[in-house]
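Numbered from 1 within each chain, the chains take letters A, B, ... in sequence-line order.
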Amino acid sequence: MNSASFIRYAGTAVAATMIGVACTAPPTSVTDPGRRTAPSAAPTWVKVSVDLPTSGVEFPAGQDADLANVQCLICHSAGMVLRQPALTKEQWRAEVIKMRSAFGALIPDGQVEAVTDYLHRINGR
Amino acid sequence: MTRRDPDGPPSSRRAFLTGAGKLTALGLIGAAARSVPALALELPFANGHRELATNFPGKGPMILLRTRPPLLETPFEVFDQGVFTPNDRFYVRWHLANIPTIIDPAEFTLKVRGHVKTPLSINLDALVRDFEPVEIAAVNQCSGNSRGFFEPRVAGGEWANGAMGNALWKGVRLKDVLDRAGVKAGAREVRFNGLDTGIVPGTPDFVKSLGVDHARDGEVMIAYAMNGQPLPLLNGFPLRLVVPGWYATYWIKMLDDIEVLETPDDNFWMKKAYLIPDTPFANISPGQTGVASVPINRMVPRSFITNLKAEDAVKSGRSIPVRGIAFGGDAGVGKVLLSSDGGAAWQEAKLGKDHGTYSFRQWETSIRIPAVGPRVLMVKAVNTAGIAQPERANWNGSGFMRNVVESVPVRAV
């Protein structure tokens, strides 16, 4: 069979992935590892310093949105919550309780139902 | 990688695209890289609206699932561009938000401790210098890849099919490092930890364990390079565990601590999270209870069409090239079968170069659709152990291990 008919991407695409680090190894073709010249070539380690984006997204306004903003955004941005499928109140409650019991969220006893109700209001079924 | 029309018309920069992976125009992506934010897309399930993020370090345009800690999906058209997934398009999945953003390799050490004769603290130069380098091509796939397609839907990271990637990993054998430390008799498991931690004290640190025999099988490796370059920070710089054939939850990023255990690991991430029903393909019925659960482990085969997408128009009465990728899970790709009539008849595709048991394998074939009208293309991989993708989707409450035969409805015109 003619493997040349399969699409390949150029080594330059790989090189473009560098993030302030460098290898002493020459550019290599990842499509043909058998032709790599120096499997023992040692990387040159360079200090890496990056900025990770922050999210300015808050939960949609509404009753008890402030509770969600205070409690949920401590550990994670809102995106994954807002991208859930519509969940039942029981499913949302299970998520809130999981955040407390499994992940140590500091949601007080008295706020579990309010946060559950809020999440169900914004994306419930 | 060829970028067509890299500038693109200005109007395209705000274009909203609909349908599965319709960001096929690389020109649009090129434009997105210079105008933030530019593009969004609709993944083909409810609440599937996503923005493309271009502001993560070391990353090109990525489907944004969560900013902090980052969940970034590979746009599906990337898988049509080569058998290896470029580092700057490789998906990203972090559990805990305390991720170091400054890593000085001169100060980084990998510890090996626990039930060993000689605890080790290895710096990066010594790791590279003192152990034999090895390379392996292997697919890294999130346990929950494709969760968004589960029906009924389940909570979790709502990925389409892009929480996977294939890279050529280079590093050292875990076995060699463990042998240097000298695993004592009676060792049961080996636990791996990275530099990331939770925000609040009650969050269990993200650690995962492998059985000691698995850890010493000579295939599990500590990678310091990915596709010929140091790992992007978001993919685990400077070291990442590579567990060929197993789901990515075990591939600990920013690996800095290896602990040999005398007893089975009972930490949260092994005993409570990442559990699957102990059934073939982790498949149960919604609502089914009383099924034993086990930690997720080996991957199962999958295959995808990459050059056609849902609702594409194709010419009838003409030879149509169809190509894609497949992987065998914990075994190689045995064969890839394509159907152009909704699964009634199947033809075997030609397989591309074999990069090794655990790699993506490209495939290609051609079809001819005799008459105009809707058609469903289907692709099915059978791995070298004889395991085929199921024609009915598996289901479990965590949204793990989806590997149903993929269907792509097209219109012959």
inquiry  = Taking the six-membered ring of B:Trp363 as reference, does the cationic atom of B:Lys350 (NZ for Lys, CZ for Arg) lie under 6.0 Å from its centre and within 45° of its axis?
reply    = no

message = Counting only non-hydrogen atoms closer than 4.5 Å, does A:Asn123 touch chain B with its backbone (N, CA, C, O), its side chain (CB onward), both, or neither?
response = side chain

key: Donor-acceptor contact present, side-chain B:Lys59 to main-chain B:Phe90, <3.5 Å   = yes

note = Greatest number of non-hydrogen atom pairs under 4.5 angstrom with chain A, of B:Gly198, B:Gly156, B:Ala106, falls to B:Gly156

ask   = Highest number of heavy-atom pairs under 4.5 Å with chain B: which of A:Ala78, A:Ala86, A:Gly104?
value = A:Gly104

query = Under 6.0 Å between ring centres, would you say that holds for B:His355 and B:Phe84?
reply = yes

request  = Under the side chain to side chain donor-acceptor pair (under 3.5 Å) rule, what do B:Thr109 and B:Asn123 come out as? Steps first, then yes or no, please.
outcome  = CA-CA 4 Å; B:Thr109 58; B:Asn123 67 33; over 6 Å; no

key: Among A:Cys75, A:Gly79, A:Ala94, A:Ser55, residue most engaged with chain B (heavy-atom pairs, under 4.5 Å)   = A:Cys75

task = Could you look at B:Pro238 and say if it's the side chain, the backbone, both or neither that has a heavy atom under 4.5 Å from chain A?
result = both

message = If you count every heavy atom of other residues, nucleotides or ligands that lies below 6.0 Å from B:Lys272 atom NZ, does the total exceed 12?
response = no

ask   = Between B:Asn227 and B:Asn87, is any side-chain donor less than 3.5 angstrom from a side-chain acceptor?
value = yes

inquiry  = Assess the residue pair A:Glu113 and A:Arg93 against the criterion (side-chain contact (heavy atoms from CB on, under 4.5 Å)); give the C-alpha distance rounded to whole Å, side-chain angles, the decisive distance to 0.1 Å, and a yes or no.
reply    = CA-CA 7 Å; A:Glu113 282 310 300; A:Arg93 185 181 294 111; 2.7 Å; yes

ask   = Tell me, side chain or backbone of B:Leu65 under 4.5 Å from chain A's heavy atoms, or both, or neither?
value = both

Structural part of B:Phe268 lying under 4.5 Å from a heavy atom of chain A = side chain

B:Trp94 versus chain A, the contacting section by heavy-atom distance below 4.5 Å = neither

query = Any idea which of B:Arg66, B:Glu107, B:Arg68 has the most non-hydrogen atom pairs under 4.5 angstrom with chain A?
reply = B:Arg68

Side chain, backbone, both or neither of A:Leu73 within contact of chain B (heavy atoms, under 4.5 Å) = backbone

key: Evaluation steps, side-chain contact (heavy atoms from CB on, under 4.5 Å), between A:Arg121 and A:Asp64   = CA-CA 10 Å; A:Arg121 272 197 301 277; A:Asp64 294 329; 4.1 Å; yes

message = Counting only non-hydrogen atoms closer than 4.5 Å, does A:Ile74 touch chain B with its backbone (N, CA, C, O), its side chain (CB onward), both, or neither?
response = both

